[in-house]
Each structure stands twice: as structure tokens, then as C-alpha cells.
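Counting from 1, the numbers follow the sequence of the chain as shown. Reckoned from all heavy atoms, side chains included, excluding hydrogens, waters and symmetry mates. Here the structure is a predicted model, which is why all the values come from computation and not from measurement.
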Amino acid sequence: MASVAAIPASELWTAIMSAVAPSVSETTFSSWIETLKPEKLEDRVLTLLAPSKFHREFVEEHFVPGLEAVALENTGEPVRVRIRVQGAGEIPRQRNLRFAPPAPVNPIESNGSNGSNGHTVSVADAAAEANLNPRYRFENFIEGDCNSFARAACLAISDLSRPTLWNPLLIYGGTGLGKTHLLQSIGNRVLSVRRNDGIRVRYVSSERFTQDFIQSVRSQQGADFADKYRNVDLLLVDDIQFFATKERTQTEFFHAFNALHQSGRRIVMTSDRPVHELAGFDERLISRFDSGLVTNVNPPTYETRLAILQDRAKFENFPLPLDVADLLSTHITSNVRELEGAFAALVAHCQFGRVPATLELAQRVIQEKTGKRTGRPPVELIQQTVADYFRVSQDALRGKTRKKEIAYARMIAMYLMTEITEHSLKTIGGFFGGRDHSTVIHARDTIAGLRKTDEVQTVSALNDLERRLSLGPILRTSM
Ligand code: ADP
Ligand code: MG
């Protein structure tokens, strides 16, 4: 291909699209890639138009580095891909801020103390300098049993004004469980509080560290490399398992590590496996890790998955009905990245098809993502079965009426949910027109009491209902 300067944007974009197509699914391609329109190619920046803000963010998060790599391959020159929302003013790209235009300085943020060198630094500039993505923050990290200890350790190490025993800190856990999010949250927190104190933070993936190291050896710029990684107050190294087979890089990392650690600077690392499984690691390095704190993140429970989805939907300003959120959280269980992917797919279906988020659509997304055919969500099935049994409507069961038979049926349904599902009392209340968790406790305790004393009505109803429900395929397969 000719020099980038001479190619029209549409031609470059067509070339990129055909190179990308074989490596992504058809749905992904038609939902996310094909829908981008080339606007212009100037100064090696290819600007593409996205139909919505959500679309832009999703593409930036998932595809831009890939698109840039393909562009480089095609043209032999580095091309930056920037996404703009169609019809909207220029919105600076959030990731890779190093190349973004200077962000507007937030007057509140920048009113902090003056730096040691006498001038203030904007959060965005500080984050870019540290190689951090400002999207990752403690504020949008949902806490659950699966991550609360790791989160607490990360918060503690972010407070540079207090000594910490947990240095170095190593967080390990499977993919998509929030390690990078936590790691970068530390950096962003430190910068938001201390950026004007001359504090230096650096986030680096172990791959990037390796590349920088190799580059420094080649170009004999060892001093720059050392300055970059040994001369910081907080070093955040992501995915250190990649160092396993790279002896020289590992030795270099060991030196950087020691230099920092000995001078009391802080180091936080992540790994996709526990320390003792980091085969190929120098024993000296392993024992250094052990001198601090090693903690893990686990797969999220149902409640955490639900909370993450709801938080996401709120952030995107996307109306997500509780039963749809429930279905997705019940079936997408592996990790948060998958859950976000499912949510993104749901939003895409809704936006492109101009339809609301329904259970049917969620079922389709789940099938696309997991191959699983899902029935109705357990909660809905319980409500339906109880409503049928007592010959009341499902709406009445969820509604406000206090008529005796309905209130009784409602208590039975709530009781069954506490018994059968993993949902919290608050979530169960949510399925009954947003009732309070204390109402659910009352229902549960009342029916549990009647189960001991009321043979005629309660015991027989429960036995019958439980039999009917246990025959329902959903309860067995999905929970
Ligand atoms: P890992 O580094 O462990 O592979 P990431 O930190 O990249 O995982 O997380 C994958 C995605 O899930 C990211 O978009 C992240 O923001 C999101 N995520 C993970 N855990 C949480 C959480 N507890 N709350 C909110 N978002 C989360
Ligand atoms: Mg990661």
C-alpha cells in the first residue's frame, strides 16, 4: 500500500476491515466493526464514526489496539485509530491518553496543592504519564466476597501517607476477574490524591516491560529504562506470569524490584496463578513476593454479578429490567469480562434492532455466548408456579394488594425463593415490586413457622410446590 499520507480514509478502512474480518465472529464484525464509518485520515490518525457513546467505548476497549496493529501491518507505518461519536463533538479517547489531546483541566481536581515544582498537573495528564487508563477506579469496582480482601489490600497500599506491611502486594486469580481493574485503581487513586506532590507512578504490563527492556539493550539506553522503572514511588506490574520464561527480563525486573523495595517504594503485581505455580521464576524473586502480601480474587457470586451488571447499566444509562439482569447473572458465571461481553451484546441487539431488553433477547445472548439454551429464570418460574397453584395472577403476586389469599401466596413464593435460589433478601424483595428485605425476612420466618404447625394448608402446599418446581428443568440446570 502507498504511504499513509496518500491513502483516502475509506480505502484504508476497507483494507483494515477485510484483514480483521477472519479473526472475529460474524456477529462481532457486523455489530461493532462494520458499523464504524471512516471520517478522515489526517496526520496518520484514522478517525472513525461510531453510532453511540457506548459503541465508541466498547470499540476503544476491545478493538482499537487490534485495528491499529492491522493498520500498521497494512501500511508499514504507525496509524492511530480514533473513534468519534457520530454527530457529537470531539471526545478525547480515554485509553492511551499519551496521544490524546490535552484533557480539559477539571477546576476542582486541579485546585489541589501545588506540586514540588510549583505547578499543578491535571489528573488526565498524570494518568497518561503513568500509563493508566482512568476508567479503572475503586469507585466503579463492585465489592463482593470474591474480591473484598484483595480490594482492601489495594486500598491500603494506595494510601501512601500510611506505612504498610503489605508491600509488595501480589494479586492472583483467573482471567477477567478484575486484577487489572484493581491494579490500575491503585495508580489512579494515588494520582488523584498525590499527583501534585511529585509522586511518580508507573503501570506496566510484563510484556511491555519486556519490550522496553529489549529495546533499551538494543539502543543502549539502559539509563532511560532504569529511570522509568526504578525511579518511581509506585510500580504496578500486570501479569507477571509472562516473565516466567524470560530469564534476562526477569533478572532485570529483580533489580528494579530490589531497588524499589529497599528504598521503601511500593510495588503491586498481578499474576494469573498463585506464586508456587509460577514455574520458571527465580527463587529469590519468589521469596521477595512472599515477604509482602499475596492475595487472590475469585469468580464473582451471583449477587456480585448482578450488582456489576446493574452498575454497568446505570453507568450506561441503559434500562435493564431486573428479570433480564437476573437471567444474565444466573447463566454467565465464568468471569466479569464475559458478563460485560454479554451485557454489551444485549445493548448492541437493543440499539441496532431498536427493541427493549427482554428475556427473549437475553436468552439469545446467553445462547450465543455460552451455547446454553436457557429456560425462564428461576425466580419467574417460582412466581408462575405459585400463582398457578393458588390461582392468582402473577401480577397480583408482585403487586401491592394485601388481600389475604394473595398475601399468603406471596409469602409462600418469597419463602421458596429464599430456600431455592441464592438471591439475597434484597434481590428477592426486588422481584416483588421492590419490597424491603425485612418484608422478605418476615415472609420467610412466618412460612417456616407455619411449616411446623400448619399441616393442612402450608405443609401440603409446600410439598406440592416443591415437587412441581423440582420437576422444572430450569431449577436443576441453571443454579
Ligand atoms: P483481569 O485483569 O483479572 O483479567 P480485568 O481487570 O481486565 O480482569 O477485568 C475484566 C473486566 O471486568 C474489566 O472491564 C473490569 O472493569 C471488569 N470488572 C472486573 N471485576 C469487576 C468488579 N468487581 N466490578 C466492576 N467491574 C469489574
Ligand atoms: Mg488483566
Side-chain angles (χ1 to χ4, degrees), residues 112-113 115-116 121 123 126-127 129-134 136-173 177-206 209 228-241 243 253-276 278 281-282 284-298:
S113 63
S116 47
V121 186
V123 179
E129 173 71 26
N131 193 27
L132 289 166
N133 180 339
Y136 295 121
R137 318 193 69 84
F138 286 116
E139 289 77 6
N140 59 10
F141 185 82
I142 303 291
E143 185 181 358
D145 292 345
C146 52
N147 59 35
S148 65
F149 193 78
R151 177 179 168 275
C154 290
L155 271 172
I157 207 163
S158 311
D159 187 353
L160 298 190
S161 63
R162 288 167 196 270
T164 175
L165 291 174
W166 297 346
N167 184 34
L169 172 63
L170 174 68
I171 308 157
Y172 71 89
L177 298 182
K179 300 184 298 296
T180 298
H181 191 138
L182 275 176
L183 189 66
Q184 296 219 10
S185 298
I186 299 174
N188 283 318
R189 169 63 58 90
V190 166
L191 289 179
S192 80
V193 181
R194 300 288 299 272
R195 70 186 174 284
N196 288 321
D197 299 344
I199 294 285
R200 287 185 67 183
V201 173
R202 180 157 297 280
Y203 165 87
V204 67
S205 67
S206 56
F209 185 94
K228 194 166 170 187
Y229 295 111
R230 293 194 202 177
N231 213 347
V232 292
D233 301 280
L234 172 66
L235 181 65
L236 308 166
V237 190
D238 213 353
D239 289 316
I240 59 162
Q241 72 274 2
F243 287 148
F253 178 57
F254 182 66
H255 292 317
F257 188 105
N258 279 344
L260 291 170
H261 199 231
Q262 278 159 14
S263 55
R265 259 82 62 91
R266 298 186 181 190
I267 306 156
V268 188
M269 298 158 290
T270 72
S271 152
D272 71 355
R273 64 203 75 161
V275 172
H276 66 270
L278 284 169
F281 263 74
D282 191 319
R284 293 174 306 173
L285 205 47
I286 299 258
S287 70
R288 287 288 198 285
F289 300 160
D290 282 339
S291 70
L293 177 76
V294 176
T295 175
N296 66 335
V297 285
N298 288 311

Discussion item. Is it the case that the side chain of Ser206 and the backbone of Asp239 share a donor-acceptor pair, with hydrogens and angles ignored and the cut-off at 3.5 Å?
Written reply: yes

Item to complete: Measure the spacing between OG of Ser263 and CG of Asn231 and express it to the nearest 0.5 Å.
Response: 9.0 Å

Item to complete: Write down the atom of Ile157, the atom of Trp166, and the distance for their closest heavy-atom approach.
Response: CD1-O, 3.3 Å

Response to the item:
Residues His181 and Asn140: closest non-hydrogen pair is NE2-OD1, 2.9 Å

Worksheet item: Between Asn298 and Leu177, what is the shortest heavy-atom contact and its length?
Response: C-CD1, 3.7 Å

Worksheet item: Can you check whether Tyr136's main-chain N or O pairs, donor with acceptor, with Asn188's side chain at less than 3.5 Å?
Response: yes

Worksheet entry | Residues Thr270 and Asp238: side-chain donor-acceptor under 3.5 angstrom | yes

Worksheet item: Counting N and O atoms only, with roles assigned by atom type, does the side chain of Arg202 sit under 3.5 Å from a partner on the main chain of Lys228, one being a donor and the other an acceptor?
Response: yes

Discussion item. Distance check, rounded to the nearest 0.5 Å: Ile286 atom CD1 versus Leu170 atom CG?
Written reply: 9.5 Å

Practice prompt. May I ask you to decide if Gly173's main-chain N or O and Lys179's side chain share a donor-acceptor pair within less than 3.5 Å?
Written response: yes

Worksheet item: Which distance, rounded to the nearest 0.5 Å, do you find between the OG1 of Thr164 and the CG of Leu169?
Response: 8.0 Å

Item to complete: Using the side chain to side chain contact (heavy atoms under 4.5 Å, CB included) rule, take Val268 and Ile171 through it: C-alpha gap first, then chi angles, then the decisive distance, then the call.
Response: CA-CA 8 Å; Val268 188; Ile171 308 157; 4.2 Å; yes

Discussion item. For Arg265, is there any backbone N or O sitting under 3.5 Å from a side-chain donor or acceptor partner on Asn167?
Written reply: yes

Worksheet item: With under 30° as parallel and over 60° as perpendicular, where do the rings of His261 and Phe257 fit, or are they tilted in between?
Response: tilted

Discussion item. Please check if the number of heavy atoms outside Asn258 that lie under 6.0 Å from its CG is greater than 12.
Written reply: yes

Worksheet entry | Rounded distance (nearest 0.5 Å) linking atom OH of Tyr172 with atom OG of Ser271 | 9.0 Å

Practice prompt. Supply the atom-to-atom distance Leu235 CG to Leu260 CG, rounded to the nearest 0.5 angstrom.
Written response: 5.5 Å

Fill in: Donor-acceptor contact present, side-chain Asp233 to main-chain Arg200, <3.5 Å
yes

Worksheet item: Closest heavy-atom contact between Val190 and Ser158?
Response: CG2-O, 3.4 Å

Worksheet item: For the residue pair Ala256 and Arg230, what are the closest heavy atoms and their distance?
Response: CA-CG, 3.8 Å

Discussion item. Which heavy atom of Val232 sits nearest to which heavy atom of Tyr229, and what is that distance?
Written reply: CG2-O, 3.9 Å

Check: residues 147-154 side-chain donor-acceptor pairs under 3.5 Å, at least two apart:
{"residue": "Asn147", "atom": "OD1", "partner": "Gly144", "partner atom": "N", "Å": "2.9"}
{"residue": "Asn147", "atom": "ND2", "partner": "Ile142", "partner atom": "O", "Å": "3.1"}
{"residue": "Arg151", "atom": "NH1", "partner": "Glu143", "partner atom": "OE1", "Å": "3.1"}

Discussion item. Can a donor-acceptor pair be found, under 3.5 Å and without considering hydrogens, that links the side chain of Arg194 to the backbone of Leu191?
Written reply: no

Item to complete: Classify the ring geometry between Phe253 and Phe289 as parallel (under 30°), tilted (30 to 60°) or perpendicular (over 60°).
Response: tilted

Item to complete: Determine, for Phe254 and Arg284, whether the Lys NZ or Arg CZ falls below 6.0 Å from the six-membered ring centre while staying within 45 degrees of the axis.
Response: yes

Worksheet item: Can you tell me how far the CG atom of Leu236 sits from the CZ atom of Arg266, to the nearest 0.5 Å?
Response: 12.0 Å

